[in-house]
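Worksheet: the structure to be examined is printed underneath.
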Amino acid sequence: MLSQRALNITPSVTIGINSKVTQLREQKIEIINLSVGEPDFPTPEKAKLAAIEAIVHNKTRYDMVSGLKQLKASIVEKLKKENKVSYSPDQIVVSSGAKHAITNALMAVINPGEEVLIPIPYWVSYPETVKLVGGIPVFVDADKSNSFKVTVADIEKHMSEKTRVIIMSNPSNPTGAIYSKEELEVIVDYCIEKNIIILADEIYEKINYEGEFTSIASLSEKAKDITITINGFSKSASMTGWRVGYTASNTAIAKAITSIQGHLVSHPSTIAQWAAYAALDKCEADMDNMVAVFKKRRDLAASLLDNISEISYVYPQGAFYLYVDISSLRDKLPHGESLSMAFCESLLEKERVAVVPGIAFGTDDFIRMCYACSDEEITEGITRIGNFIKAL
């Protein structure tokens, strides 16, 4: 009854864990949730008020397939000012979230059987989205000593005549690592030489603790031409439920994405787009404050993990995750095919702390912790993790 496409898709582990946490909480079981990648801040007031105003003034009808002209103009200005790359409004396509933007982009450039390079560890939806559009995910191993950032040498090992796209998550989910300008330049030059499209997922770019962020498309005109930048408002403006993302690309790709989107969803919610417009135009202080709080939480979480000698982690420069190496526990924790699944299931059962198994990101010796929660939850959660490990 089901299509092969549907049968090939693996359910999202992160969404599954969050659903389990919700079920346990409905049973009045107290859980510390360090799993879900969602800011714990409310959407900024000015963004919420803009949505209410849009409803009151009946801005509820069909609009442009590629997005509200006001929002697209504001995105163009943002990219020029913050990312040092110039686009025209017709090169911007607003979508129903960054996931939708990624799907649109891959549909526009991937033919059935073509390969997409995905560095490990990867965000859980990358390989599944590639499979959905008929592509073949090819995983690129990287070195923990380099915070799992890929190099040209890593990429070359997995190249073939079918290679079409490489996905770059920067800042990274799940590691929080950020590529330097120099690291990106070498990769971009190689992709230009080999005619590889770069899908640059920069959804976490504002959550950056270490200085200026380099957007891949800003490196040169050639870099801009081969890059499809993915961004949105879920993380930077705490608008996860509003579902507004966007792509910035060359004109031909943007036109194709617009055509695809027009047939699939017409356009994103106009109400959500007006909220996003206000977030971008009027809520910079709210976003800066959120990043400052996340940095303090990063420092707190890292200092607490430093007290647990049995584990190590990738020190995050951005996003709001800690990618924790639990490989030293392999001989101490009973497990079947997956160490990280056994760790997470046992931790949830015994200490009531939810984290994400690294197998969901392609590395079974790790777990991902999210510190987008209160200091109290971070402290109690990591304390319980330490107690759990000591008891093994």
Side-chain angles (χ1 to χ4, degrees), residues 12 14-15 18 36-79 82 87 89-105 107-108 123 125 129 173 201-207 228-249 254 257-291 320 372:
S12 170
T14 51
I15 292 175
N18 199 48
V36 65
E38 180 174 39
D40 60 325
F41 292 82
T43 298
E45 286 299 314
K46 290 178 181 178
K48 292 190 286 187
L49 290 173
I52 293 169
E53 185 177 312
I55 294 171
V56 170
H57 290 89
N58 298 313
K59 296 179 179 180
T60 56
R61 307 186 73 82
Y62 287 132
D63 209 286
M64 293 173 59
V65 168
S66 60
L68 298 175
K69 65 179 182 180
Q70 293 90 338
L71 175 55
K72 291 174 59 175
S74 192
I75 291 170
V76 166
E77 183 61 28
K78 179 261 182 221
L79 291 169
E82 297 182 9
Y87 287 96
D90 67 329
Q91 295 175 315
I92 308 298
V93 183
V94 183
S95 59
S96 298
K99 280 186 179 182
H100 184 207
I102 291 169
T103 307
N104 281 343
M107 289 182 72
W123 178 50
S125 290
T129 306
N173 176 7
D201 186 350
E202 299 180 357
I203 190 73
Y204 290 95
E205 54 118 352
K206 280 186 175 288
I207 307 175
I228 306 172
T229 300
I230 306 292
N231 213 322
F233 300 85
S234 291
K235 314 302 181 181
S236 61
S238 196
M239 294 179 64
T240 50
W242 296 82
R243 311 312 304 140
V244 185
Y246 61 87
T247 55
S249 64
I257 290 173
T258 300
S259 297
I260 290 165
Q261 178 160 285
H263 288 292
L264 291 180
V265 299
S266 294
H267 58 72
S269 160
T270 53
I271 305 305
Q273 287 187 78
W274 282 114
Y277 172 67
L280 200 56
D281 208 45
K282 301 177 181 179
C283 301
E284 185 174 353
D286 298 87
M287 292 187 271
D288 290 344
N289 175 68
M290 186 168 65
V291 173
F320 36 66

request  = Output the distance between atom CZ (F233) and atom OH (Y246), rounded to the nearest 0.5 Å.
outcome  = 5.5 Å
task = Heavy atoms only: give me the nearest M287-A279 pair and the separation to one decimal.
result = CE-O, 3.2 Å
inquiry  = Give me the atom names and distance for the closest heavy-atom approach of K206 to S236.
reply    = CD-CB, 3.6 Å
query = Run the side chain to side chain donor-acceptor pair (under 3.5 Å) check on S95 and R243 step by step: do they pass?
reply = CA-CA 8 Å; S95 59; R243 311 312 304 140; over 6 Å; no
message = Would you say that more than 12 heavy atoms from the other residues, nucleotides or ligands in this model lie under 6.0 Å from the CD of E82, or not?
response = yes
request  = Mind listing the closest non-hydrogen atom pair of V93 and A254 along with its distance?
outcome  = CG2-O, 3.6 Å
message = Tell me the closest heavy-atom pair linking A248 and L79, and the distance in Å.
response = CB-CD1, 3.9 Å
key: Between NE2 on residue H100 and CD1 on residue I260, distance to nearest 0.5 Å   = 9.0 Å
remark   = In short, I271 meets A54 closest at the heavy-atom pair CD1-CB, 3.9 Å
request  = Report yes or no: does T240 contribute a side-chain atom to a donor-acceptor pair with the main-chain N or O of E38 at less than 3.5 Å?
outcome  = no
key: Gap separating the CG atom of N173 from the NZ atom of K235, nearest 0.5 angstrom   = 7.0 Å
ask   = Is there side-chain contact between Q261 and P268, with at least one heavy-atom pair below 4.5 Å?
value = yes
query = Out of curiosity, I75 CD1 to E77 CD, how far, rounded to the nearest 0.5 Å?
reply = 12.0 Å
task = Return yes when atom NZ of K59 has more than 12 non-hydrogen atoms of other residues, nucleotides or ligands closer than 6.0 Å, and no otherwise.
result = yes
Between side-chain atoms of residues 61-74 and protein atoms elsewhere (two or more places apart, or another chain), which donor-acceptor pairs fall under 3.5 Å?
residue : atom : partner : partner atom : Å
S66     : OG   : K72     : NZ           : 2.7
K72     : NZ   : P89     : O            : 3.0
K72     : NZ   : I92     : O            : 3.4

request  = Assess whether atom NZ of K48 is packed by more than 12 heavy atoms of other residues, nucleotides or ligands within 6.0 Å.
outcome  = yes
message = Tell me if a side-chain donor or acceptor on T247 pairs with a main-chain N or O of I230 at a distance below 3.5 Å.
response = no
Minimum heavy-atom distance I102-W123, with the two atoms named = CD1-CZ3, 3.8 Å
request  = Applying ring-ring contact (aromatic ring centres under 6.0 Å, His included), name anything that partners W242, two or more places apart in sequence or on another chain.
outcome  = none
query = Quick one: CG on N104 to CG on L264, what's the gap to the nearest 0.5 Å?
reply = 6.5 Å
remark   = Separation between CG (N289) and CZ (F41), nearest 0.5 Å, reads 6.0 Å
Candidate pair K78 and E202, rule salt bridge (Lys or Arg N to Asp or Glu O under 4.0 Å), full reasoning = CA-CA 13 Å; K78 179 261 182 221; E202 299 180 357; over 6 Å; no
